[in-house]
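Comments concern the structure below.
Every heavy atom of this structure was used, including side-chain atoms; hydrogens, water molecules and symmetry mates were not.
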Amino acid sequence: MRIKLSEQVADFVRSLATEPRREMGLALKSLAKGQGDIKALEGPLAQYWRLRVMSYRVILFYRSPNEVECVFAEHRSIVYEVFAAGLQRKLIAASKKTSR
């Protein structure tokens, strides 16, 4: 399976301390094999999945059966709220463009 990291995810992984960065790298390699602590999200984020790595979460989107895009990563305590808020801003901006 092909794994694509967004710029935010790549920057986030690089910003981690040595041990969490190593764990994140191992988890992303496992994800390429279809393994890991992966769970479907619910509600407004229902088309996304999450990968749990220590106290961090990576939000995933399955582009196809063979391609996963890691779109957002952050500490567990804030990841869903921050991602949902950013997604909502993008949707509002897109609706304003189409209504013109």
Side-chain angles (χ1 to χ4, degrees):
M1 183 177 311
R2 182 171 169 232
I3 306 298
K4 180 180 176 188
L5 303 181
S6 72
E7 186 176 331
Q8 188 276 336
V9 173
D11 289 344
F12 180 79
V13 172
R14 282 192 291 270
S15 75
L16 294 172
T18 304
E19 182 60 22
R21 186 173 53 242
R22 186 182 76 74
E23 289 292 324
M24 187 69 75
L26 292 172
L28 292 171
K29 286 179 184 175
S30 292
L31 180 62
K33 298 173 188 172
Q35 302 169 343
D37 189 349
I38 304 164
K39 183 178 178 183
L41 298 180
E42 299 175 357
L45 301 178
Q47 65 196 39
Y48 296 93
W49 297 69
R50 69 94 170 122
L51 171 66
R52 183 177 72 126
V53 183
M54 300 174 68
S55 63
Y56 305 100
R57 301 296 182 268
V58 180
I59 307 294
L60 315 170
F61 179 76
Y62 285 88
R63 292 223 166 264
S64 72
N66 295 319
E67 185 177 3
V68 175
E69 185 173 352
C70 299
V71 295
F72 190 76
E74 189 52 77
H75 194 271
R76 176 196 57 81
S77 64
I78 62 171
V79 67
Y80 304 111
E81 293 82 8
V82 173
F83 180 69
L87 187 59
Q88 185 176 18
R89 283 192 302 273
K90 286 182 181 181
L91 291 172
I92 290 170
S95 69
K96 287 180 181 180
K97 286 181 182 179
T98 59
S99 65
R100 291 182 186 171

Check: Do the side chains of Val53 and Leu31 join up, straight or via other hydrophobic residues, at under 4.5 Å, putting them in one cluster?
Finding: yes
Check: More than 12 non-hydrogen atoms from neighbouring residues, nucleotides or ligands closer than 6.0 Å to CD on Glu7, yes or no?
Finding: no
Notebook entry, point to check: Is the side chain of Arg50 donor-acceptor paired with the backbone N or O of Arg57 at a distance under 3.5 Å, no angle test?
Noted result: no
Notebook entry, point to check: Phe12, Leu26: one ILVMFWY side-chain cluster at the under-4.5 Å cut-off?
Noted result: no
Next item on the list: Check whether Ile3 and Leu60 end up in the same hydrophobic cluster, where Ile, Leu, Val, Met, Phe, Trp and Tyr are linked by side-chain heavy atoms less than 4.5 Å apart.
Entry: yes
Checklist line | Side-chain heavy atoms of Tyr56 within contact of Leu16, under 4.5 Å | finding: yes
Notebook entry, point to check: Any chain of hydrophobic side-chain contacts (each under 4.5 Å) joining Phe61 to Leu45?
Noted result: yes
Note to self: Once salt bridge (Lys or Arg N to Asp or Glu O under 4.0 Å) is applied, what residue pairs with a partner in residues 68-82 remain, sequence neighbours excluded?
What the structure shows: Arg63-Glu69
Notebook entry, point to check: With the 4.5 Å side-chain cut-off for hydrophobic clustering, are Val9 and Met1 part of the same group?
Noted result: yes
Checklist line | Phe72 versus Ser6, closest heavy-atom pair with distance | finding: N-OG, 4.3 Å
Next item on the list: Report yes if the side chains of Phe83 and Tyr48 come closer than 4.5 Å at any heavy-atom pair, otherwise no.
Entry: yes
Notebook entry, point to check: Less than 4.5 Å apart, any side-chain heavy atom of Leu5 and any of Leu28?
Noted result: yes
Check: Can you tell me how far CE of Met54 sits from CD of Glu23, rounded to the nearest 0.5 angstrom?
Finding: 6.0 Å
Check: Out of curiosity, Lys4 NZ to Arg2 CZ, how far, rounded to the nearest 0.5 Å?
Finding: 6.5 Å
